[in-house]
Amino acid sequence: MSEFHWQRAVIKVGSALISPDGHQCSAKYLLAIARFITESREQGKQVVIVSSGSVAAGRSTIAHNAHPSIAEKQAMAAVGQTQMMANWSRFFDFPCAQVLLTYDDFHDRSRYVNIKNTLRELLNNNVLPIVNENDTVAVDVLKVGDNDNLAAYAAMVAEADTLIICSDIDGLYDADPRLNPDARLISLVENIDGGIYGLAGGPGTKVGTGGMRTKIEAADKCAESGIQTLIVNGGKGEVFDALLDGRIPGTRFVPTKTPDSAKEQWLKHTLIATGRIDVDAGAKQALIETGASLLPIGITKVQGDFMSGDAVEICHQGFPFAKGVTLYSAADLNAIKGMRSDDFENIIGYSSGEAAVHRDDLALL
Ligand SMILES: Nc1ncnc2c1ncn2[C@@H]1O[C@H](COP(=O)(O)OP(=O)(O)O)[C@@H](O)[C@H]1O
Ligand SMILES: N[C@@H](CCC(=O)OP(=O)(O)O)C(=O)O
């Protein structure tokens, strides 16, 4: 078993563990996962859960035939979501928060920033966020579609270093073990290529939706973002003892970049700046020498028509020296430039915090 180090993890728990019989929530497998989360938090680590199971949990309440329609599944999810949340909450003596998201939310820049800020605030306040897809509004193009990929997006937006996918199987095998009894467990994947994708079959149970393919897709996204992914058997209590012991009992997908380099690359090369912010000498010095966030008090000029969540170049005397994601629109920054954070609410009617560009979302050029 390889060694396991982490500080902030997203733990994805599939339908098969939440609702093993496919009809209601069960505590059967959650106790060991909850204990792992509680003990990890006691060690100073941070956790976000991505939990499936709402459709399965609400199934018996909504009339349906053998193949429920999308609307019937959405109704099941709406009923089951509260049951799924209540099922988790009873294991913890700290508060849990419900976070329902769609594909669109991760791909809209300002919503992305809002999700990030909310998760950051929840974690800073020791709340356990529990994420699921917002099935009421998400159909087809709006849908991530499976919670493995949703968990990868959640890991990226939460800036986790680790994604732990808890399934009903020990990890990735060299063939679907339900069909091939000689299949062997792969404990380490260093490169997610076509050969790895070729190993994946579909879901193993009626309640699961993605199978191994969506887990590999999730690991692939995470590897590119500097996040390690583990696939473990969430139905075995000893798996969580091993994880607490720093051992990895399933499959580990190694990240291809460090989180910092992945983020820096994204900020510098992927994001297209839609505006420019000029700052004074003091702000430039603070950003370069002390690694500070950019505060509106140091901003002298705002150019372009950008929204909160857009990328902007940060310049001094017209020369760009940094790039980052702004938390305020161009109009609002124009109004609060040169001001202290105490004044933001009086001037623009709200405050998104003291920083115009948070240090975490800023790269020096
Ligand atoms: N190469 C493989 N290695 C392991 N499991 C595989 C593989 N190919 C397909 N599977 C199937 O994927 C299933 C897990 O996915 P899924 O049923 O969607 O569960 P979950 O609810 O945990 O997302 C396993 O039970 C297994 O039958
Ligand atoms: N939002 C759905 C997720 C379904 C889903 O992706 O399930 P799984 O393949 O078990 O992770 C639910 O809560 O039932």
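Ligands are counted one by one from 1 in listed order, and the atoms in each one are counted from 1 as well.
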Number the atoms of ligand 1 from 1 as they appear, then name those within less than 4.0 Å of a heavy atom of Gly171, with their elements.
3 (N), 4 (C)
Using distance alone, with no hydrogens and no angle criterion, decide if Tyr197 and Asp220 have a side-chain donor and acceptor under 3.5 Å apart.
yes
Check whether any side-chain heavy atom of Met212 lies under 4.5 Å from a side-chain heavy atom of Ile231, and answer yes or no.
yes
Between Gln228 and Thr162, do the side chains contain a donor N or O and an acceptor N or O under 3.5 Å apart?
yes
Considering both backbone and side-chain atoms of Asp135, is one of its nitrogen or oxygen atoms within less than 3.5 Å of a nitrogen or oxygen in ligand 2?
yes
Option of least heavy-atom distance to atom 4 (C) of ligand 2 (set: Ser15, Ser54, Gly14, Ala138)
Ser15
Would you call Arg213 a ligand 1 contact, heavy-atom distance under 4.0 Å?
no
Do Asn147 and Lys12 pair up side chain to side chain, a donor and an acceptor below 3.5 Å, judged on atom types alone?
no
Using a 3.5 Å cut-off on N or O atoms only, is Ala56 in polar contact with ligand 2?
no
Between ligand 1 and Gly234, can you find any atom pair, the residue atom being a heavy atom, that is separated by under 4.0 Å?
no
If the condition is ring pair (Phe, Tyr, Trp, His ring centres under 6.0 Å), which residues does Tyr173 pass it with, not counting sequence neighbours?
none
Report, in ascending order of atom number, the atoms of ligand 1 lying under 4.0 Å from any heavy atom of Asp168.
14 (C), 24 (C), 25 (O)
